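From a predicted model like this one, the values you see are computed outputs, not experimental measurements. In what follows, every chain begins at residue 1, and chains take the letters A, B, ... in the order their sequences are listed.
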Amino acid sequence: MINIPELDQCVHCGLCLNQCPTYRVLQLEPESPRGRIHLVRAVTEGRIEANERFAEHIHLCLMCRACESACPSGVRYGRIAEAARAVVGPPGSPLARALEGFVFTRLLPSPLMLRAVARLLRLYQRSGLQSMSRAFLPARLYEMTAMLPPLPDRFFTPQDEPLPARGERRAHVAMLGGCVMSLLFADINEATVRVLRRNGCDVLIPKAQGCCGALNIHNGETTMAKVMARRNIDAFLDCGAEAVIVNAAGCGAAMKEYGHLLRDDPVYAEKAARFARLVKDASEFLAALGPVAPRGRIEMTVTYQDPCHLAHGQRVRAQPRALLTAVPGLRLIEMEGSDRCCGSAGIYNLTHPEMSQELLREKMVSIATTSAEAVVAPNPGCMLQLGYGASRYGPPLPVFHLMELLDRAYGGEAPPSI
Amino acid sequence: MSRDVLIRELRQIVGDRYVLTEKEDVIVYEQDASILQVMPEVVVLPADVGQVSAVVRAARRANVPIVPRGSGTGLAGGAVPAEGGIVLCLARMNRILEIDLKNRVAVVEPGVINIDVTKAVTKQGFFYAPDPSSQAACSIGGNVANNSGGPHTLAYGVTTNHVLAVEAVLDDGQAVWLGGRVADSPGYDLCGLFVGSEGTMGIVTKAAVRLMRTREAVQTLLAVFDRMEPATQTVVDITAAGIIPAALEMMDQLTIEAVEKGKPVGYPRDAAAVLLIELEGVREHTERAARLAEEICSRNGARQVRRAQSEAERQLLWKGRKEAFGALGALAPNYYVQDGVVPRSRLPEIMREVAEIGSRYRLRIANVFHAGDGNLHPNILFDMRVPGELDRVIEAGAAIVKACVAAGGSLTGEHGIGLEKKAYIGLLFNDDDLEAMARMRRAFDPDGRFNPAKVFPTPITCAEMRRQPAKIPAGLWI
Ligand SMILES: Cc1cc2nc3c(=O)[nH]c(=O)nc-3n(C[C@H](O)[C@H](O)[C@H](O)COP(=O)(O)OP(=O)(O)OC[C@H]3O[C@@H](n4cnc5c(N)ncnc54)[C@H](O)[C@@H]3O)c2cc1C
Ligand code: SF4
Ligand code: SF4
């Protein structure tokens, strides 16, 4: 196995154990951050083999990086786990692996193919096939399709013409559409653009961009991930923007790590590091810019779910809360363990349904205890998972992206679900 | 009984999932937060006291040792299975069984995490006093076994002062209660004997712990000194003046440098030492004590005494202290920590001696410790890759331990003897003392089944022991 310098930084103190969702559920050291680090170290030392059992422990990890927030020694666990996954490959049966391989190396890198698949899905949802399919699809597969929200009429499409700021011009930014966001949540992307423009930003959405590669990286697929990273660097780096805005936490966290991903690339290493510094979560950017005060009232109590890759991956916690509470009428009630993973974790809810549902059930209980009227979670994976949790376990609350509510407070279109 | 029969029996007791035998599972239980490693043969995680009893009986029939383990944050190798056998991890037994606020008692299972006891009663205005810096991770069972302390030990005492009774499974598999719900039960204080026995007398399966009322007021001071000597003198003077701070912690220049390099909290980088002094109690009393403490600091030449003006500022001052050990990684790739104790009045001279030992062995030593208790934590900084440096580190460590004992102190304040310090126990006790203790232990555990080869200076027969190669002394207790 390759050399992983981050391993040496772990002093085996155990302070991360109870922040780890899988350890909390199972209380087993091999399913804890310290245990997983110990296992990876043992593999690098040749004391154990990177066999099936080892892979199971590595795959049961959510990659939520809560352990990084807890660690006083600053261990970059995510990098260790990604390196380990590069060795053991993606999870699942041979068939699932083949499918994942196809998704990572063929589907995600191709915006055109993604769009085609989304159109098929939309047809499946609208033709009534979905409701009929309950009868003939295996239960697991049906559940999977049931987790998807209705696909929108229009997908979000990048365009090379910048959209001009409204009011005084304060910044010139570029935005990542994102593969899932553009297809499933096109309206949220549009809301984000409106919010940015209201805040005095010229917004450019370069056409040459593509999927960020986060899912690939988390599942140990780095070859195509590097191709995707280089494509985005080329698309964004020299477009003159002061920041690359991302409204999906998982994508933002991955793009901030491009410098690490391409550190050995003679041509791109320096560019990647420069690019990574430009990447900002939408809330992080707005809070730093000084947001224009929203005037529209939203009379609602909400609770906020910290997306793992925002709170742990990017250390962005205060900014989304500040933006939320600046909306007149909006009240924020904190839930217990708001920065604990909801079990979505990329494709984890598909590969490890049991653990994923256990975490989701707990999450829905924490949400219910707040008696909030809605949940805010600025990341597509969390929104899908929580939406599913709300319908399956209750309480039946709407789930919003932060940008949707902000947009509404700025007088944009009301989110259709209220 | 063969190994396979034992394992089959264990599986019947706790279920397949919680008996670990594969190398890719048990290897993670070979180490705690120290650097010593011995791989267990099997790890068992029982769900309740009945299962613990059954496991103990099975181990007895098979004649294999049992090593209890909580969260594995111990720093002395206590949970390392020195002679192999079964590691009995109590992490799954993590329920708070009863909270009785009227009598200020909570009954908890051993796997409950220290901080969760306090969290369960904060809203009602109570807390559980022993607060090891590892409190977000360590278990009550481990705390009981090691008689753990923390920054607030100065005012509230160590674990033994807060445990009213324990339920323990003894070597015949029986669960017995030692101690009682009320303070001072008649007869021998068997609970007191059990607390601090480092898992060598039996398995703690429940503990009745004392809950305390949250104090009305708290004041936190940061006193800044240009020299070490007046800082240590201030510690002596504050306690001599009859003030009992809730906490009285010291950090020296190297530690400050490390903290400020990592996640800065605003300690002055050019200071030789800072004291973190916390006072709590009734409002008027706390105010008076804080003023007196400020006065004593100034009299000893403190350059500045800052009082936290808000809860946020107070948290920040503590954050630097609590994360200090993690931050030391910024100064050197490795460090080795001692845990010696001296009578408070000897602090000024022992600190001089520690500095002298540092220069004698050409090693940097960062100090961050419970000054009010006289409990030192000298962190010897080094780089393993420099040939010969580790040997000097181990010699310097031994010199510090000896200096503490010579000053009328002890070799460990709060982390236990375990495997790590058993070679030094002869510095404190002679053969007769040790034999008396061994007899006491045999009264509970005649076959030496529980946590063998710990505490007492017997040689380890197991040939498999290794030191974590990448990072030698990772002991980072503080
Ligand atoms: C960062 C850090 C900071 C620390 N700070 C402090 C501090 O401020 N003060 C302090 O005193 N210590 C401190 N420690 C040391 C350690 O946290 C304590 O010794 C703690 O009590 C160990 O608890 P544990 O659950 O991790 O026990 P383990 O490490 O699992 O076990 C410790 C010992 O207890 C025995 N044991 C565990 N559970 C049981 C049981 N149910 N029945 C019988 N025996 C049992 C084990 O056999 C072993 O001998 C620190 C450690 C770290 C890593
Ligand atoms: S990333 Fe999350 S699940 Fe994985 S070890 Fe860290 S805390 Fe646990
Ligand atoms: S990852 Fe960090 S918190 Fe966890 S055991 Fe290692 S050093 Fe400690």
Side-chain heavy-atom pair [X], [Y] within 4.5 angstrom cut-off:
X       : Y       : result
A/Glu56 : B/Glu24 : no
B/Gln37 : A/His12 : no
B/Asp25 : A/His57 : yes

Got more than 12 heavy atoms from elsewhere within 6.0 Å of [atom1], [X]?
X        : atom1 : result
B/Arg95  : CZ    : no
A/Glu49  : CD    : no
A/Glu354 : CD    : no

Keeping A/Arg47 on the side-chain end and B/Ile27 on the backbone end, is there a donor-acceptor pair under 3.5 Å? no

Separation of [Y] [atom2] from [X] [atom1] (nearest 0.5 Å):
X        : Y        : atom1 : atom2 : value
B/Ser134 : A/Leu17  : OG    : CG    : 11.0 Å
A/Asn18  : B/Ile115 : CG    : CD1   : 10.0 Å
A/Gln27  : B/Asn94  : CD    : CG    : 4.5 Å
A/Glu29  : B/Glu30  : CD    : CD    : 10.5 Å

Please evaluate residues B/Lys23 and A/Arg53 with respect to the criterion side-chain contact (heavy atoms from CB on, under 4.5 Å), reporting the C-alpha separation (whole Å), side-chain torsions for both, the decisive distance (0.1 Å), and the verdict. CA-CA 9 Å; B/Lys23 204 171 175 195; A/Arg53 188 78 192 126; over 6 Å; no

Carefully, step by step, assess B/Leu20 and A/Leu28 under the rule side-chain contact (heavy atoms from CB on, under 4.5 Å). CA-CA 10 Å; B/Leu20 310 179; A/Leu28 290 168; 4.2 Å; yes

Under a 4.5 Å heavy-atom cut-off, does chain B meet the side chain of [X], its backbone, both or neither?
X       : result
A/Arg34 : side chain
A/Leu15 : both
A/Leu26 : both

Shortest non-hydrogen contact from A/Cys13 to B/Ala33? CA-CB, 4.0 Å

Counting heavy-atom pairs under 4.5 angstrom with chain A, the leader among B/Arg17, B/Gln135, B/Lys322 is B/Arg17

